[in-house]
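Numbering of ligands and ligand atoms starts at 1, following listing order.
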Amino acid sequence: MRGAMGGPRLLLRRLREVMAEPVSAQARLDRIVIHIAANMVAEVCSVYVLRSDGNLELYATEGLNREAVHLTTMTTSEGLVGLIAEKAEPLALADAQAHPAFSYRPETGEEIYQSFLGVPILRGGNTLGVLVVQNRARRTYSEEEVEALQTTAMLLAEMIASGELQSLAQPGQSLSLQKPMALCGSPLSEGVGLGHVVLHEPRIVIKQLVAEDPQAETQRLDQAILAMREQIDQLIARGDRYGAGEHRDVLETVRMFANDRGWLRRLREALDSGLTAEAAVERVQNDARAKLQRQTDPYLRERLHDLDDLANRLLQQLTGQGVSHGGALPANAILVARNMGPAALLDYDRANLRGLVLEDGGPTSHVAIIARALGIPAIGEVPNITDLVETGDPIIVDGGSGEVQLRPPPDVEAAYGEKARLRARRQEQYHKLRDVPAVTRDGVHVGLHMNAGLLIDCHHVAEAGAQSVGLFRTELQFMVASSFPRLSEQYALYRKVIEAVGGRPVTFRTLDIGSDKVLPYMAKMEEENPALGWRAIRIGLDRPGLLRMQLRAMLRAGAGREMRIMFPMVATTAEFSQAKAVCEREVEFLRRHDYELPTDLKLGVMVEVPSLLWQLDEICACADFLSVGSNDLTQYLFAVDRDNKRVAARFDDLSPPSLRALKTIVDAGVRNKTPVTLCGEMGGKPLEAIALAAIGYRGLSMTPSAIGPVKAALLATDLAATRDFLTPLINHPDDRISVRHELHSFVERHGVPL
Ligand code: PEP
Ligand code: MG
């Protein structure tokens, strides 16, 4: 009998020598299978590689008929090899022919072999191929042998991933690793981006798989585990946030896994088979991925993320690599990440950034808000994307539809290229309209303004063709910060915003946090219904210190000019009066301390809670202006969570109840001579914008990229005719008639570009 541990270690050493030899890919593979067969005392060793067409192809063999190499293929639902590829699990059989999945290939001459051991060749949990040994005699393969074969399979995975085996593929064939894939996720930010994958957390490259000195590797691993545990403990002790928005509960779970006996045992076993510490971590993680990725239970899949996190931390300790780089990017970069904090996205060089794809990241995630603010096409909730890509892979992101094309074939790439060019051409046309006011064909002017939340947006106000910043979401500064921005920081931002828009007005909105907008450094409230909970003005009034500080920063920033401030989520006139009183006290304070004040202060109310619809005259009497937050208003009007995919599409902004409510608000404004604008997403869609103008809105604030299309549509609209067409539809009692559909046809008949 050979020594239980000497075998695999010796084999790995041999294989490492083979890897270094300057021979062709086929010769290297041929030598590898000879060494494996000899070391494992098997008559047969074969390598099957998974092709992009889903077939497994015999790439090398010792023991089977050599003629069959590159000729024998099977699907993943065929035979024992197919089963291993599909399940991504090893299979050891003393009597292979008795297994129901056994299928016999006469050209290989394998009928005489009784025992069979096969393991998947895995990378990132994905199967790239299958490695098999066979014995003529009936024998039971030991645990160690299965381990050893799995370890050897890692070397083959490296060979496949390095592209070396691609040269052996038959013309027109490619390996599974290079297979084009069409994936789908949730659209986060519109636009089409073509480019190449850049991993936000670059995969750690393991330079040495085979241990020179096994004892030293054990020590390295022990030290790294200790250091990692200490790091996690410190992070937890320091507060609940680390870098890219990680939260305490995630860290707690990771800490729990770091102390898990099973995980530690598996690492030791991998070390014992002759791997370096980092290769052992990768081995164990690969197996966990292969198992958990095939789970449909969301809880278990979530645990995979925690385990990934753990393995990455450990690999970082061992190799010093893998810390997300931020900053510079190659040309046409598409960032791919499991998740990313908003600050991390802002760190990247925007000039080269063409898109963002996330494995987690729903539409309300902070990073999605930032991607939209930056105008970067982005998609979230794309399962396993970080495991499916390699750095540099060609990739296309369609942020409108949520489609990701990975390694696209030429025709797909051409189609998207055309789409991107068309968009660019349209943008050029909109650009020409930049300084043209949005006046309808019958002479009605509709003011178009832009929504912003970052200083960077405000530099583009003229470029976007916006008259003003109609909504400045101040919470973005709070969301990307690692602690509460101080008064001086808030002041500095508001001042810069005012300077950046060069004399155009800015409507600042006070902090709209709570609900989905959670600040990582603020204690998280456990609420049954966060959207109906402690948020926005409610926090402001309960914590007047916060609100006062923000108002003081705004009032000081607006010194010597007109200042517009509005309050979010106001539900009663009393709330607004209280907020106004806080503001007046701040004005008083600044006056007493000889600060220069704004020349004119306008205080407004966001109309986004339906209760205000029955206090419109009262609110108009005390507010200087109203701004309709249609995103939230629709949410509360229809009792539909605006970010819940299941229900979000159920109700239509262009339906009679919604349009009647919106008309009631604008009518009250006219009646009371209180200016009313609308700043929800609705205003940025051409058809909706036409409807809003037709029911009386004369000011719309939207994302900058929507201004061009909305302006082009309004310029072509005969507003009086549209109003005459729309009014009876809004008042029509038959709800089978779709206002959207009817209006769309009408507008199209009149040649309005949508
Ligand atoms: C709205 O609710 O329509 C709005 C503009 O505010 P936010 O989207 O920031 O809640
Ligand atoms: Mg809102």
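Salt bridge annotation for D632-R535: present, with a cationic side-chain nitrogen under 4.0 angstrom from a carboxylate oxygen. Between D617 and R671, at least one side-chain N (NZ, or NE/NH1/NH2) sits under 4.0 Å from a carboxylate O, which counts as a salt bridge.
Below 4.0 Å from some heavy atom of L471 lie the following atoms of ligand 1, by number and element: 5 (C). Residue C679 approaches ligand 1 through these ligand atoms, each under 4.0 Å from one of its heavy atoms: 5 (C). For ligand 1 and G629, the ligand atoms under 4.0 Å from any heavy atom of the residue are 1 (C), 2 (O), 3 (O). Interface of D512 with ligand 1, defined as ligand atoms under 4.0 Å from a residue heavy atom, comprises 10 (O).
Taking the six-membered ring for Trp and thresholds of 30 and 60 degrees, F651 and F638 have nearly parallel ring planes, at less than 30 degrees apart. The aromatic rings of F725 and F746 sit parallel to each other, their planes meeting at less than 30°, with 60° as the upper class boundary.
With contacts defined as side-chain heavy-atom distances shorter than 4.5 Å, the pair M569/V609 qualifies. Side chains of L487 and R556 form a contact here, defined as non-hydrogen atoms less than 4.5 Å apart.
Shortest non-hydrogen contact noted between L654 and A691 is CD2-CB, 3.7 Å. Annotation for V666 and G696: closest pair CG2-O, 3.5 Å, computed over non-hydrogen atoms.
Within the 4.0 Å heavy-atom criterion, the part of R509 lying near ligand 1 is the side chain and not the backbone. Residue E681 does not touch ligand 1, judged by heavy-atom distances below 4.0 Å.
The N/O atoms of D632, backbone and side chain alike, include one that comes under 3.5 Å of an N/O atom in ligand 1. Residue contacts with ligand 1: R535 is placed with no nitrogen or oxygen under 3.5 Å of a nitrogen or oxygen of the ligand (distance criterion only).
Ligand 1 lies nowhere less than 4.0 angstrom from a heavy atom belonging to Q635.
Centred on the Mg ion (ligand 2), the angle running from D632 (OD2) to E608 (OE1) is recorded as 100°, rounding to 10°.
Among all non-hydrogen protein atoms, the one lying nearest atom 3 (O) of ligand 1 is N631 N, 2.7 Å.
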